[in-house]
Each structure stands twice: as structure tokens, then as C-alpha cells.
Amino acid sequence: MNINNVRFEASFGTSAQLGNSDLPEIVFAGKSNVGKSSLINKFFNRKNLARVSGVPGKTTTINFFRVDEVRIADLPGYGYARRSDNERRRWGELMEAYFATDRNIRLVVQLLDMRHEPTEDDNTMLGFLEDAGYPFICVLTKCDKLNKTEREQRRKAFSENPYLKSAIRVIEASAQNGEGMKELKDVIEQSLADE
């Protein structure tokens, strides 16, 4: 996978807009404000591939990017309290439709903020991925914001989280300094090589 060949493909806000899954898909998921767009931009070495906002819950659509013969799905963040009931319902239907259709999901990259305990929504998502049998890794974002002692404490707490037991790997990452990007690329490429 040549990450320099990435391009925006499409953005869908309703389940009716979702097309067929004709390519292997790598899915990026996480709660609002976890740093998903920043991480995607850093991973692909692009400043504005995924739109970054200081406002939580800005991404409300599934954004698809294409890299060679692979599709990257950037899911909208979950858990943002200030969304209307209608918006939460639409989001729920969109997510349900995405995962319920017969998609060629090779890997889910579940993002968690390393500075904090996983939220109830995070644990629900991790439980769903495990129960549904999706291969997933956890990327602990914003690790650069912790000092060495704090990082070790958070690493220990995550290692004891029962919801992470099915993760293929846990990667500490930073969209600021690029830590974890090579490891993330290696895991994604391995998932695409596995049949």
C-alpha cells in the first residue's frame, strides 16, 4: 500500500447512500475529539486529507479514502453529548448499516485517548468489535502529552482493561511527532496480506 497515493473518494451521511464494499476496507473509529482526523492526516503525511476541527463531533459522515486497491473508512466520532436526538438516531442508523452490510473489513483501527480511561461508549464499541468478530487494533492517541511516569501508569491501566483482550495489538501514537505511524502501517499491511 503506497500511502502517497491516497485520495478522497466519497462522503456519506445516510445509510441509503452507502454503496457496495468492492475493496478491502480499513476502518478508523473512535469517540469525538480522540484525534482521529489528525492521526489520519499524520499517517498519510497530508495536512488536510481529513478535516480537523477543535469542535468535538465535527465529522458527521462516513468519509472514504482510496489508496491503491484499498478503501479507508473514517467513521464519525461517537459519544458527543450535544447532538440532537435526530442526529444521534441518524448516526446510529448509519453505523448499524455500515457494519450490517456485507463489507470486506480487514481491520478496525479503534482509537482511544491514552490520557483517559476508556468511556462507556469506548467499551461498548470494543465489546461490539469483539462480539462481531472484527479484527481490531487499539491506537492510544495523544501519548506525547504524557510524561514518562504518567505514560507508564496509563499503559498499565490499558493492559488491565478486559475490553482490550481481543485487540491484535495496542499501539501508542502521536499525530504531533509521528510516533506509532510505522507500526500502524505494518499492522495494516499485514491485515491486507492475510486472506
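Computation of the quantities below employed the complete heavy-atom set of this structure, encompassing side-chain atoms and omitting hydrogens, waters and symmetry-equivalent molecules. FYI, the numbering just counts along the sequence from 1.
Side-chain atoms of V108 and I26, non-hydrogen and from C-beta on, never get closer than 4.5 Å to each other. When side chains are defined from C-beta on, F44 does not count as touching R7, because their heavy atoms never get closer than 4.5 Å. Using a 4.5 Å heavy-atom cutoff, the side chains of I137 and L184 are in contact. Side-chain contact between F28 and I40 is present, with at least one heavy-atom pair separated by less than 4.5 Å. Within the 4.5 Å cutoff, no side-chain heavy atoms of F136 are placed close to those of I168. At a threshold of 4.5 Å between non-hydrogen side-chain atoms, the residues V139 and L39 count as touching. Between D122 and Y78 the shortest side-chain heavy-atom distance falls below 4.5 Å. Looking only at side-chain heavy atoms (C-beta outward), I72 and R66 stay at 4.5 Å or farther from each other.
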Would you check, one step at a time, whether the test side-chain contact (heavy atoms from CB on, under 4.5 Å) holds for D144 with E179?
CA-CA 8 Å; D144 57 292; E179 182 178 345; 5.8 Å; no

Starting from the C-alpha separation in whole Å, work towards a yes-or-no answer on side-chain contact (heavy atoms from CB on, under 4.5 Å) for L126 and C138.
CA-CA 9 Å; L126 290 165; C138 288; 3.7 Å; yes

Using the side-chain contact (heavy atoms from CB on, under 4.5 Å) rule, take L112 and L164 through it: C-alpha gap first, then chi angles, then the decisive distance, then the call.
CA-CA 11 Å; L112 302 170; L164 297 180; 3.9 Å; yes

Quick one, K156 with E160, criterion salt bridge (Lys or Arg N to Asp or Glu O under 4.0 Å). Give me CA distance, side-chain angles, the key distance, then yes/no.
CA-CA 6 Å; K156 184 176 184 314; E160 295 169 353; 2.5 Å; yes

Applying side-chain contact (heavy atoms from CB on, under 4.5 Å) to I188 and F43, what does each step give before you reach the verdict?
CA-CA 11 Å; I188 288 173; F43 181 75; 3.9 Å; yes

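Clustering ILVMFWY residues whenever any of their side-chain heavy atoms sit less than 4.5 angstrom apart, transitively, puts L23 in a cluster other than the one holding V70.
The shortest non-hydrogen separation linking G30 to Q110 is CA-NE2, 3.7 Å. The shortest heavy-atom contact between A157 and E117 is CB-OE2, 3.7 Å. In this structure, R115 and L146 approach most closely via the heavy-atom pair CG-CD2, 3.8 Å. Across all non-hydrogen atoms, the minimal contact from R106 to P24 is CG-CB, 3.8 Å.
Here the straight-line distance linking atom CG of L94 with atom CD of Q17 works out to 8.5 Å at 0.5 Å rounding. With values rounded to the nearest 0.5 angstrom, T124 atom OG1 is found 6.5 Å from Y163 atom OH. To the nearest 0.5 angstrom, C143 atom SG is 10.5 Å from Q176 atom CD. In this structure, OG1 in T119 is found 11.5 Å from CE in M125, a value given to the nearest 0.5 Å. Atom-to-atom distance recorded for N147:CG and E152:CD is 11.5 Å, nearest 0.5 angstrom.
For the residue pair S174/N177, the side-chain donor-acceptor check at 3.5 Å is satisfied. Under the 3.5 Å distance criterion, with hydrogens and angles disregarded, a donor-acceptor pair is assigned to the side chains of Y98 and E25. Inspection of the T61 and N63 side chains reveals an N or O donor paired with an N or O acceptor under 3.5 Å. Using modelled atom types, one finds no donor on one side chain facing an acceptor on the other under 3.5 Å when comparing S21 with N104.
Within a 6.0 Å sphere centred on CG of D131, heavy atoms belonging to other residues, nucleotides or ligands number more than 12. Crowding of D186 atom CG: a count of heavy atoms from other residues, nucleotides or ligands under 6.0 Å exceeding 12. For E96, the CD atom sits in a loose shell: 12 or fewer heavy atoms of surrounding residues, nucleotides or ligands are nearer than 6.0 Å.
Note: F128 and F99 have perpendicular aromatic rings, judged against thresholds of 30 and 60 degrees for the angle between ring planes. Ring planes of F8 and F65: perpendicular class, angle over 60° (limits at 30 and 60°).
The side chain to side chain contact (heavy atoms under 4.5 Å, CB included) test with M114 singles out one residue from K142, E150, E172, and that residue is E172.
Ion pairing between a basic and an acidic side chain is recognised when a charged N comes within 4.0 Å of a carboxylate O; K185 and E189 show such pairing. Using a cutoff of 4.0 Å between basic side-chain nitrogens and carboxylate oxygens, D113 and K31 are not scored as salt-bridged.
For R71 (side chain) and F64 (main-chain N/O), no donor-acceptor pair under 3.5 Å exists by modelled atom type.
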